[in-house]
Amino acid sequence: MNEPEIRDLLPHPTAAVRLTAPTTELGSLFDERLPNIADWLADAGVDPAGPPYVRYHRYSAEEVDVEIGIPVDRPLPHVRPLDQAEPDELAASELPGGPTAILVHVGSYDGLPQAYERLRAWIREQGREEGPPPWESYVDDPSEVDDASQLRTEVCWPLS
């Protein structure tokens with residue numbers, strides 16, 4: 001098991017879509033939206049600057065409000081900010097900077113709920129509190145990893 005750590009991150013621009021959907025559809029939403037975002041970036045000549053992510057603005061067993069995106073090398077030209085965009089519209093967003101608790105989860109995505117629980121407990125053990133919504137950065141592409149038990153996902157939780 002990897003140990004959580006606190007990193008001081010810089011804000012990072014992203015290209016993203018935000019939508020609300022049944023929790024059971026999250027995997028298929030990611031699989032559908034991510035290629036669209038990547039294609040738009042390629043057409044606009046904007047380079048990815050990190051692994052794809054999903055940021056959870058709200059999560060329940062029934063429904064999620066998520067931001068699916070890709071960090072980029074510079075702010076997006078001629079694109080509305082995420083808070084002004086329509087649901088599911090490509091928009092300019094930003095992963096926040098500042099102190100952020102990070103846990104590298106190694107294994108299948110099924111283990112991510114336990115990784116969040118572990119990270120939340122660790123944050124509180126440090127005498128800290130969770131801040132803005134957390135996100136997952138998918139370090140490894142599942143199509144390029146032979147064994148799902150080797151997938152690496154960074155669980156990132158800004159601190160208040």
Next on the checklist: Run the side chain to side chain contact (heavy atoms under 4.5 Å, CB included) test on Ser160 and Glu130 for me, step by step, so that the C-alpha distance in whole Å, both residues' side-chain angles and the decisive distance to 0.1 Å come before the verdict.
Outcome noted: CA-CA 6 Å; Ser160 60; Glu130 305 93 41; over 6 Å; no

Next on the checklist: For Glu136 and Leu112: C-alpha separation, side-chain torsions, deciding distance, then whether side chain to side chain contact (heavy atoms under 4.5 Å, CB included) applies.
Outcome noted: CA-CA 9 Å; Glu136 300 163 4; Leu112 284 169; 3.6 Å; yes

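- Taking every heavy atom of both residues into account, Ala16 and Ser93 meet most closely at CB-CB, 4.1 Å.
- By the 4.5 Å heavy-atom criterion applied to side chains, Pro52 and Phe30 are counted as neighbours.
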Next on the checklist: Run the side chain to side chain contact (heavy atoms under 4.5 Å, CB included) test on Val17 and Glu89 for me, step by step, so that the C-alpha distance in whole Å, both residues' side-chain angles and the decisive distance to 0.1 Å come before the verdict.
Outcome noted: CA-CA 6 Å; Val17 296; Glu89 174 186 351; 6.0 Å; no

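- Note on Leu82 and Tyr59: separate hydrophobic clusters, where clusters join Ile, Leu, Val, Met, Phe, Trp and Tyr whose side-chain heavy atoms are under 4.5 Å apart, directly or indirectly.
- A heavy-atom distance below 4.5 Å is found between the side chains of Asp73 and Val46.
- Residues Gln114 and His105 have side chains not in contact (no heavy-atom distance under 4.5 Å, counting atoms from C-beta outward).
- The heavy-atom pair separating Arg152 from Val106 by the smallest distance is CG-CG2, 4.1 Å.
- The CZ atom of Arg124 sits 10.5 Å away from atom CG of Leu119, with the distance rounded to the nearest 0.5 Å.
- Within the model, atoms CZ of Arg18 and CG of Leu90 stand 15.0 Å from one another, a figure rounded to the nearest 0.5 Å.
- Between Leu26 and Val66 the shortest side-chain heavy-atom distance falls below 4.5 Å.
- Tested against Leu159 for a side-chain contact (heavy atoms from CB on, under 4.5 Å), the candidates Arg128, Gln126, Glu129 yield a single pass: Arg128.
- With hydrophobic clusters built from ILVMFWY side chains whose heavy atoms lie under 4.5 angstrom apart, Leu151 does not share a cluster with Val139.
- Looking at Glu5 and Arg7, a side-chain N of the basic residue comes within less than 4.0 Å of a carboxylate O on the acidic one, giving a salt bridge.
- In terms of modelled atom types and a separation under 3.5 Å, the side chain of Ser60 and the main chain of Glu62 share a donor-acceptor contact.
- Leu103 contributes atom CG, which lies 9.5 Å from atom CD1 of Ile123 (distance to the nearest 0.5 angstrom).
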Scan the side chains in residues 33-42 for donor-acceptor partners under 3.5 Å anywhere in the protein, sequence neighbours excluded, and list what turns up.
residue: Arg33; atom: NE; partner: Asp88; partner atom: OD1; Å: 2.9
residue: Arg33; atom: NE; partner: Asp88; partner atom: OD2; Å: 3.2
residue: Arg33; atom: NH2; partner: Asp88; partner atom: OD2; Å: 2.8
residue: Asn36; atom: ND2; partner: Glu32; partner atom: O; Å: 3.3

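- With hydrogens and angles left out, the side-chain atoms of His12 and Glu94 include no donor and acceptor closer than 3.5 Å.
- Two residues are said to be in side-chain contact when any heavy atoms from C-beta on lie closer than 4.5 Å; Pro96 and Pro158 meet this criterion.
- Pairing each heavy atom of Pro22 with each of Val64, the nearest pair is O-CG2, 4.4 Å.
- Leu95 belongs to a hydrophobic cluster whose other members, connected by ILVMFWY side-chain contacts under 4.5 Å either directly or through intermediates, are Leu9, Tyr53, Ile102, Trp135.
- Hydrophobic clustering keeps Tyr56 apart from Val104 (ILVMFWY residues linked when any side-chain heavy atoms are closer than 4.5 Å, directly or through intermediates).
- Glu125 places no side-chain N or O within donor-acceptor distance of the main-chain N or O of Trp122, the cut-off being under 3.5 Å.
- Proximity of a side-chain donor or acceptor of Arg55 to a complementary backbone N or O of Ile68 within less than 3.5 Å is not detected.
- Of the possible donor and acceptor atoms, none in the side chain of Asp65 sits under 3.5 Å from a partner among the backbone N and O of Thr20.
- Between the side chain of Thr100 and the backbone N or O of Gly98 there is at least one donor-acceptor pair closer than 3.5 Å.
- Val155 and Tyr109 end up in the same hydrophobic cluster when Ile, Leu, Val, Met, Phe, Trp and Tyr side chains are linked at under 4.5 Å.
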